[in-house]
2 protein chains.
Amino acid sequence: MEKIPILRMGKFLLVTIQIDLYDRLALNLESDLVQMVSKTAAKGVLIDISALSIVDSFMGRIIGNIGNMSKILGAETVVVGMQPAVAITLIELGLELKGVHTSLNVERGMDLLRSIIDLDEPENDEEDADSSQ
Amino acid sequence: MEKIPILRMGKFLLVTIQIDLYDRLALNLESDLVQMVSKTAAKGVLIDISALSIVDSFMGRIIGNIGNMSKILGAETVVVGMQPAVAITLIELGLELKGVHTSLNVERGMDLLRSIIDLDEPENDEEDADSSQ
């Protein structure tokens with residue numbers, strides 16, 4: 001398997017990571033996702049990791065990279081579905097998922113994205129943020 | 001990997017198949033999905049196969065099984081994201097995906113599900129306020 005599929009759902013993109021990201025796969029995912037964010041003008045990226053029982057520092061860095069790259073292109077990233085054991089390990093190892101939000105599951109992740117996007121830009125296509133309220 | 005994650009999105013369930021379904025994995029998926037349909041009272045199941053470059057008769061039968069099992073429990077199944085080459089092969093080999101609908105991508109699959117469900121039961125119980133935009 002050389003590619004992880006990226007599903008478009010309205011303004012959001014959804015990626016389900018089901019296997020360990022080795023080097024090339026991770027790089028492919030990064031570039032595919034960034035291109036997809038750019039092409040679809042997505043406002044949010046959901047990364048589901050419910051299938052992963054381990055998130056190591058490499059994986060954490062890739063997720064962080066995706067979050068930061070997407071941010072530059074105007075999309076927020078939410079990691080969803082983390083197994084409790086993964087959360088424990090992340091904290092115990094002192095790893096941080098920088099640059100991304102987290103949420104319990106896809107539905108809540110979408111709600112979170114909607115609230116973030118609403119905060120960012122109250123009106124749909126209003127690009128000028130010149131009002132001070 | 002022993003399990004394929006099943007994501008709940010409102011009234012629908014989404015499964016992204018990224019690897020070939022060998023025996024046990026396929027059986028696990030069938031039972032997980034049927035339990036999930038039952039537990040969440042889902043009205044639709046979306047199976048994304050955009051990562052698959054081959055769909056053989058075994059895979060076709062598993063997908064058909066899922067469709068029929070879900071149907072009994074009140075959920076329609078839509079296969080989305082089929083690669084053109086897969087469609088060609090299915091037809092050339094005379095394989096049919098029985099018991100399931102197909103659609104180009106997840107968004108259209110959801111639209112299809114909504115239209116089917118609307119036809120089935122015009123107004124039942126509104127659980128989620130689904131914003132239409």
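Chain A is the first sequence line, chain B the second, and so forth, proteins listed ahead of strands; every chain is numbered from 1.
- Here A:Asp48 contributes atom CG and B:Thr16 contributes atom OG1; the two are 8.0 Å apart, rounded to the nearest 0.5 Å.
- With values rounded to the nearest 0.5 angstrom, B:Leu46 atom CG is found 7.0 Å from A:Met9 atom CE.
- Counted within 6.0 Å of CG on B:Asp32, heavy atoms from surrounding residues, nucleotides or ligands total more than 12; the atom is thus considered enclosed.
- A continuous path of hydrophobic side-chain contacts links B:Phe58 to B:Val55 [ILVMFWY only; heavy atoms under 4.5 Å].
- In terms of hydrophobic clustering, with Ile, Leu, Val, Met, Phe, Trp and Tyr side chains grouped at heavy-atom distances under 4.5 Å, A:Ile49 and A:Tyr22 are assigned to a common cluster.
- Taken to the nearest 0.5 Å, the OG atom of B:Ser50 stands 9.5 Å off from the CD1 atom of A:Ile6.
- Annotation: residues 81-103 of chain B contacts chain A through no residue [non-hydrogen atoms, separation under 4.5 Å].
- Only the side chain of B:Leu14 comes within less than 4.5 Å of a heavy atom of chain A; its backbone N, CA, C and O stay farther away.
- Ranked by heavy-atom pairs shorter than 4.5 Å toward chain B, the options A:Leu7, A:Val106, A:Asp20 are led by A:Leu7.
- Between A:Gln18 and B:Ile4 the shortest side-chain heavy-atom distance falls below 4.5 Å.
- The hydrophobic cluster containing B:Ile19 also contains B:Leu52, counting ILVMFWY residues as joined when their side-chain heavy atoms lie under 4.5 angstrom apart, directly or transitively.
- Note on A:Leu73 and A:Leu27: separate hydrophobic clusters, where clusters join Ile, Leu, Val, Met, Phe, Trp and Tyr whose side-chain heavy atoms are under 4.5 Å apart, directly or indirectly.
- Note on B:Leu112: it does not cluster hydrophobically with B:Leu104, by side-chain heavy-atom contacts below 4.5 Å among ILVMFWY residues.
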